[in-house]
Undergrad: 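Supplied in structure tokens, the structure appears directly below.
Lettering follows sequence order; numbering is per chain, from 1.
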Number of protein chains: 4
Amino acid sequence: MPTPAAPAGRAGRPRSAAADAAILAATRAALVELGWSKLTLGDVATRAGVAKTTLYRRWPGKNELVVDAVAELFDELRLPDRGTLAADIEGVVLQFAAILARPEARSGLMAVVAESTRDDALRERIRASIVDRQKRLVLEGRARAQARGELPPESDPVESSRAVDLIFDMVAGAVVHRCLISAGPVDETWVRGFTEVLISGLAGAGGRR
Amino acid sequence: MPTPAAPAGRAGRPRSAAADAAILAATRAALVELGWSKLTLGDVATRAGVAKTTLYRRWPGKNELVVDAVAELFDELRLPDRGTLAADIEGVVLQFAAILARPEARSGLMAVVAESTRDDALRERIRASIVDRQKRLVLEGRARAQARGELPPESDPVESSRAVDLIFDMVAGAVVHRCLISAGPVDETWVRGFTEVLISGLAGAGGRR
Amino acid sequence: MPTPAAPAGRAGRPRSAAADAAILAATRAALVELGWSKLTLGDVATRAGVAKTTLYRRWPGKNELVVDAVAELFDELRLPDRGTLAADIEGVVLQFAAILARPEARSGLMAVVAESTRDDALRERIRASIVDRQKRLVLEGRARAQARGELPPESDPVESSRAVDLIFDMVAGAVVHRCLISAGPVDETWVRGFTEVLISGLAGAGGRR
Amino acid sequence: MPTPAAPAGRAGRPRSAAADAAILAATRAALVELGWSKLTLGDVATRAGVAKTTLYRRWPGKNELVVDAVAELFDELRLPDRGTLAADIEGVVLQFAAILARPEARSGLMAVVAESTRDDALRERIRASIVDRQKRLVLEGRARAQARGELPPESDPVESSRAVDLIFDMVAGAVVHRCLISAGPVDETWVRGFTEVLISGLAGAGGRR
DNA sequence: CAGTAACCGAGACGGTACGTCTCGTCTTAGT
DNA sequence: ACTAAGACGAGACGTACCGTCTCGGTTACTG
């Protein structure tokens, strides 16, 4: 993820591999303690036992560093097999909410999204590292539901991809909004209500088509 | 919205009323040009033709100022009467997306949300000035749909309030995620697909209950 | 000497007068301890109990600051009245050597001269603050010698000014070279030898003219 | 001049002889373009087509490197035979001034002198490489003047050596001060005036003794 | 209608972080 | 054992904002 070293990759001392991991871990630790706006790259470097120059050699700035540090968190998400589509969705929503309850994700994620509204390269980095990377969960869930006969198989591939995007926006959007904006609890009651509306909506809308 | 003047409001020169409006307008202008992270209070003061001291006398800091400046934007939202619940929702979603397309809203909103993850007073300010204030749209929409006979009347007031919150999270969340995170277009196709799933979901979930 | 405040001299908080003196004293202290090349403006600011910004608001950089700090040292020079021109010169030469023996003068003076070879504004600052300012000693000495009848009165004012410059170059140059470059002792023997050659030269050259 | 290679000079690849010359030339070129304070060893290495490591293996640091680079410049000085002592002195003074007009000498020389005030090893290096090395000019000049009968032969060898030092301080000091500190022109007028005073002084002081 | 208290602009203040630069060292691979 | 290349920890650079403070001056209530 960090900017690669001198392209030819030959001469000179190679970059320390350990430094990358230490920097990302230090970034998350600093996010927990200080939040995004009080996080400074000098402090991250100190925590990582690394010079500031080393950090700037690998990432262009705070935003890109935080994207990479946060992106790793979402790779922990797994789609549990609970027997039904509804239960699977409830499971993944709870996991997602649990990650968003962690301070390093809370303040980091929204902040880089805010920055990305004025920086196209950053928006792409977020899309590639976080958004598109987690759409796998929607694909897996749908495939599993189709195998169980809960959903009909795909016909139109364009329509199919559009549906994945929509579902991802609805699920991720609702959870993010609940956790971070309206700041209500993501408990069993809320998750069950949300899943019920979503499943009904998918069945209803799909059936009408 | 700004911190009120000396308590009882007695002696001394009163605060300039014009300054408040000038400061909020200057804040929005600065958000458009610079985005949240490069916005400085010194610059806002200069744009507003006001001393930095004046600004700090009225707002505790950048975050609170931006919340107030952004909150005014969402008051423009209106629920159009297009004859059906689906059409009403589509209308308000498009308006919401239009506001989120404006740079002063894009970068300001997400940034203060990010900051609010570490500042409870700020979270409350956001909830009061932006979130709760716009739930009126959901209430209006439901009332109108009930008047039309598209939705059954309320029975349980607790359940009713919970449903408003859920719907608000789902609508606002999906639009925010689409606009700012996955960064896809909010066009007719997407809005129709979203509304279809939502309406079916509400009907299905409501009917099953 | 420092850059003056906002010209109009009216609005705003006035500059602290104490800060100037504290900064120049701190600069000399740092020169003593660290020498010119290891002197940092951040350290000077700390010693003076002042913020770095305050320092940069008043001086453009290290060179100008050191010139001002060092210039004050040479204002201590006095032309003693020892009865004869030769004795007066010996007195002032010994004083000059004593100043050049102090570490704040030694490393500061040569360093700014070195820098001035590439910076015309700095060269002018040195000339105005140090060189021209101390030519008073030559003028005083000559006037006193003329009063005593040791030297004839001036006739041509152009020639007179040229002679002052030459004598200053010869005296200051010899002492500086002895102290700082060839690094020999400036003791009674050396001073007497130097003065003897100089006085004879002045008499001889003057007489021939 | 550079630090010698592995003591006895046995095993392994021998040091490139060309590198030394290239480094000193690159140092002078960098002095011309950048001056002492902006000269960096990394830049010198690049100009010389040499790795930074190579440079540090041969010189302890910037100061020593610059001393060696500048010292070579003064070896160009020659004592011309113009028939009289006065004319010889004028000739060598003009040559000296011409060297001090070159930017690599101007900024390099004073800077290392400044550094030498806090570094005894450096002062010795300067004295050995530059000062003592050029005293040959004074010795040659005196010998030639004695051969012509312009000066009496030496009697006391201690006194003789002391006189050489004094004359060197007076000549070099005056020229350096004129060129670099008071920053006036070293033209025919100045040189003639200076030489006149000096010669008279030597004659007068010598005669009186 | 005089006093005075709170406001206003301007700008200097002590801090802190920025992102860049150079230092002198170290670690590669290649000669 | 040397070389070029380049990453490394360290730390100063000069700039930009922060939020506070100190000024002289301006209102508009209150006594």
Side-chain angles (χ1 to χ4, degrees), chain A residues 5-6 8-16 19 37-43 45-46 48-58 60-62, chain B residues 5-7 9-16 19 38-46 49-58 60-62, chain C residues 5-6 8-16 19 37-43 45-46 48-62, chain D residues 5-6 9-16 19 37-43 45-46 48-62:
Chain A
R10 279 206 308 123
R13 177 173 171 175
R15 287 199 180 157
S16 157
S37 65
K38 308 209 163 179
L39 177 153
T40 71
L41 295 200
D43 179 60
T46 304
V50 139
K52 234 187 340 169
T53 30
T54 299
L55 210 151
Y56 278 105
R57 220 174 273 126
R58 303 179 186 210
K62 181 166 159 172
Chain B
R10 281 203 307 120
R13 176 172 170 178
R15 287 196 181 155
S16 157
K38 309 209 162 180
L39 177 152
T40 71
L41 295 200
D43 179 60
V44 168
T46 304
V50 140
K52 245 194 324 175
T53 335
T54 300
L55 209 151
Y56 277 105
R57 218 174 277 124
R58 303 180 188 207
K62 179 165 158 173
Chain C
R10 279 207 307 123
R13 177 173 171 175
R15 287 200 181 157
S16 157
S37 65
K38 307 208 165 181
L39 178 153
T40 70
L41 295 200
D43 178 60
T46 303
V50 140
K52 229 184 348 165
T53 31
T54 298
L55 210 151
Y56 278 105
R57 218 174 274 126
R58 303 179 186 210
W59 283 276
K62 181 166 159 173
Chain D
R10 281 200 307 119
R13 176 172 171 179
R15 286 197 180 158
S16 158
S37 66
K38 308 208 164 182
L39 176 152
T40 72
L41 296 200
D43 179 60
T46 304
V50 141
K52 246 193 322 174
T53 334
T54 300
L55 209 151
Y56 277 105
R57 217 174 278 122
R58 302 179 188 210
W59 281 275
K62 179 165 159 174

Undergrad: Hey, which sits more toward the 5' end of DNA chain F by its nearest nucleotide, B/D43 or A/A19?
TA: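 Whichever sits nearer the 5' end wins; that is A/A19.
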
Undergrad: Of all heavy-atom pairs between C/L41 and C/L55, which one has the smallest distance, and what is that distance?
TA: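 Minimum heavy-atom separation between C/L41 and C/L55: O-CD1, 3.8 Å.
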
Undergrad: Nearest 0.5 angstrom please: B/T46 OG1 to B/K52 NZ, how far?
TA: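 With rounding to 0.5 Å, OG1 (B/T46) is 9.0 Å from NZ (B/K52).
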
Undergrad: Identify, between B/K62 and A/V50, the residue whose nearest nucleotide on DNA chain F lies closer to the 5' end.
TA: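 Whichever sits nearer the 5' end wins; that is A/V50.
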
Undergrad: Measure the distance from CH2 on D/W59 to P on E/dC23 and round it to the nearest whole Å.
TA: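 My rounded result for the distance is 16 Å.
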
Undergrad: Assuming nearest nucleotide by heavy-atom distance, tell me which of D/T40 and A/G42 is located more 5' along DNA chain E.
TA: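 The residue mapped nearer the 5' terminus is A/G42.
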
Undergrad: Rounding to a whole Å, what distance do you find between A/L41:CG and E/dT20:C1'?
TA: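 After rounding, the gap between these two atoms is 13 Å.
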
Undergrad: When you check the phosphate oxygens OP1 and OP2 of E/dG9, does a side-chain N or O of B/R57 lie under 4.0 Å from one of them?
TA: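 No, no such contact exists.
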
Undergrad: Which residues pass the side-chain contact (heavy atoms from CB on, under 4.5 Å) test with B/T53, not counting sequence neighbours?
TA: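 B/T53 satisfies side-chain contact (heavy atoms from CB on, under 4.5 Å) with B/A51, B/R57 once adjacent residues are dropped.
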
Undergrad: Both C/G49 and D/K38 contact DNA chain E. Which one's nearest nucleotide lies toward the 5' end?
TA: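 Its nucleotide being nearer the 5' end, the pick is C/G49.
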
Undergrad: Excluding sequence neighbours, so at least two apart, what forms side-chain contact (heavy atoms from CB on, under 4.5 Å) with B/S16?
TA: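 So B/S16 forms a side-chain contact (heavy atoms from CB on, under 4.5 Å) with B/A18, B/A19, B/R58.
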
Undergrad: Please state whether the phosphate of F/dA4, meaning OP1 or OP2, lies under 4.0 angstrom from any side-chain nitrogen or oxygen of D/T54.
TA: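 So the side-chain polar atoms of D/T54 do come within 4.0 Å of the phosphate oxygens OP1 or OP2 of F/dA4, strictly under.
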
Undergrad: Provide a list of protein-nucleic acid N or O atom pairs under 3.5 angstrom, restricted to nucleotides 20-24 of chain F.
TA:
unit_1	atom_1	unit_2	atom_2	d
F/dC21	O2	C/R13	NH1	3.2

Undergrad: Taking only N and O in the side chain of A/R15, is any of them less than 4.0 Å away from OP1 or OP2 of F/dG6?
TA: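 Checking F/dG6 against A/R15, no side-chain N or O comes under 4.0 Å of OP1 or OP2.
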
Undergrad: In whole angstroms, how far is the P atom of E/dG11 from the CZ atom of C/R58?
TA: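 Atom-to-atom, C/R58 to E/dG11, this comes out as 16 Å.
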
